[in-house]
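Contents: one structure, followed by commentary.
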2 protein chains.
Amino acid sequence: MAVAERDGVRTRARILEIAQELFAKRGYAGTSIADIARELGTSKAALYYHFSSKEQILGALITEPLSMYTALAERCQKETVPPEELLGALIDLTTETHAVNALLSNDPSITPTLLGLYDVEGNLQTFIRSLAGPRAGEASRARAWAAFTVAKQATFWAVQAGNGKLSPAARKEFLAAALRCLKP
Amino acid sequence: MAVAERDGVRTRARILEIAQELFAKRGYAGTSIADIARELGTSKAALYYHFSSKEQILGALITEPLSMYTALAERCQKETVPPEELLGALIDLTTETHAVNALLSNDPSITPTLLGLYDVEGNLQTFIRSLAGPRAGEASRARAWAAFTVAKQATFWAVQAGNGKLSPAARKEFLAAALRCLKP
DNA sequence: GTCTATATTGTGATAGAC
DNA sequence: GTCTATCACAATATAGAC
């Protein structure tokens, strides 16, 4: 591999790092190409050599994490996943994908077009259905929501507070709390 | 009250309505003054007669809801609020302030300057401390996080799905689930 | 209170030299 | 791979007429 090519790969990776950080801090619409270039220490034009648009940078960031959620949802549709296993998997996925969740979660300026590709809403419904059962009533669905929320949002906040890490003790408490949510 | 003045008040209120909706849908940075003016059916300049900046519109929207959270946090600092009451109050506050929460919650493009005025982070810590007790260990704090998350985020999503309303049945389930989160 | 017109700055993106 | 220079346009905000 030529030196130039290797440097190109490294630059591309740095751009993604910087974009991740800035999108999370100031939002997608709130971050400009100029901001990223400044942090990178190059010109805007240099950036466009590596990515052909701002949206493509975002796309490269979210593809893998969102696919992981989709894979889990597909498993839930094929087979019955025990709640403890599903909630544990959600906690771990949230921990692993935390950096991208931080820029994704609820940033309304992120184009629905991009998010639509991954059917985030559909996956969510699949998880709720799997936790509550297919013919669940309102109360049972509410409990499933509560459990899902603990696995997803409590974990997210804890990882945020813990500089990207979730302590085993906290993981255990969250899983137990989420399971208690499910019980009538 | 003169007709013009009354109309002015109504126009101001309409601007706030429209801004709330658009900020929630596309984000603060993702919504332009032109977008709001178009929806309002007037020019951009007319809008600037009622508000002197875009940030002032946002400020007018969030002042009251955020002050309500601060008031609750202050009560928690002055006296011991039983968990059931605090969690119930958080569920109700989340329901009441849902419209503003929808545009606020996690939109990173909203200036930290504005949010800093209300010490959102400090209030959050106060709620956790009140739920977990002042000298709580890590496990106990994790359970408090879980309970808070159910009261706040599960309620938020449910209200979102229920077109702005939270059914009494769901409220009961969320409160019970949040309380179960707290128990070791 | 609302308008048209405009100043000014910022934005995503491209051209072409090196 | 990176640069300078530039385009076309959208943004916030203002001036001044009606």
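All figures in this text were calculated on a predicted structure; none of them were measured in a lab. Lettering follows sequence order; numbering is per chain, from 1.
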For the pair made of [atom1] in [X] and [atom2] in [N], what is the distance, rounded to whole Å?
{"X": "Leu22(A)", "N": "dT11(C)", "atom1": "CG", "atom2": "P", "result": "12 Å"}
{"X": "Phe51(B)", "N": "dT14(D)", "atom1": "CZ", "atom2": "P", "result": "15 Å"}
{"X": "Ile57(A)", "N": "dA13(C)", "atom1": "CD1", "atom2": "C1'", "result": "12 Å"}
{"X": "Leu40(A)", "N": "dC3(D)", "atom1": "CG", "atom2": "C1'", "result": "14 Å"}
{"X": "Lys44(A)", "N": "dG10(C)", "atom1": "NZ", "atom2": "P", "result": "11 Å"}
{"X": "Arg26(B)", "N": "dA11(D)", "atom1": "CZ", "atom2": "P", "result": "10 Å"}
{"X": "Leu47(A)", "N": "dT4(D)", "atom1": "CG", "atom2": "P", "result": "14 Å"}
{"X": "His50(B)", "N": "dC3(C)", "atom1": "NE2", "atom2": "P", "result": "10 Å"}

Verify the distance criterion only: is there a donor paired with an acceptor across the side chains of [X] and [Y] at less than 3.5 Å?
{"X": "Thr63(B)", "Y": "Tyr118(B)", "value": "yes"}
{"X": "Asn123(A)", "Y": "Thr126(A)", "value": "no"}
{"X": "Asp92(B)", "Y": "Thr95(B)", "value": "no"}

Nearest of [options] to any side-chain atom of [X]?
{"X": "Lys54(A)", "options": "dC3(D), dT2(C), dG12(C)", "value": "dG12(C)"}
{"X": "Ser32(B)", "options": "dT2(C), dT2(D), dA11(D)", "value": "dA11(D)"}
{"X": "Ala34(B)", "options": "dC3(C), dA11(D), dT2(D)", "value": "dA11(D)"}
{"X": "Tyr48(B)", "options": "dA15(C), dA13(D), dG1(C)", "value": "dA13(D)"}

Go nucleotide by nucleotide along DNA chain C from the 5' end; which of Ala45(A) and Ala29(A) gets its closest nucleotide reached first? Ala29(A)
[X] vs [N]: side-chain N/O to OP1/OP2 distance below 4.0 Å:
{"X": "Ser52(B)", "N": "dT14(D)", "answer": "no"}
{"X": "Ser43(B)", "N": "dC3(C)", "answer": "yes"}
{"X": "Tyr49(A)", "N": "dG1(D)", "answer": "yes"}

What's the verdict on salt bridge (charged side-chain N to carboxylate O under 4.0 Å, His left out) for Glu79(B) and Arg75(B), showing C-alpha distance, side-chain angles and the deciding distance? CA-CA 6 Å; Glu79(B) 55 186 301; Arg75(B) 212 194 120 199; 3.3 Å; yes
Once you round to the nearest 0.5 Å, how far does CG of Leu175(A) lie from CD of Glu173(A)? 10.0 Å
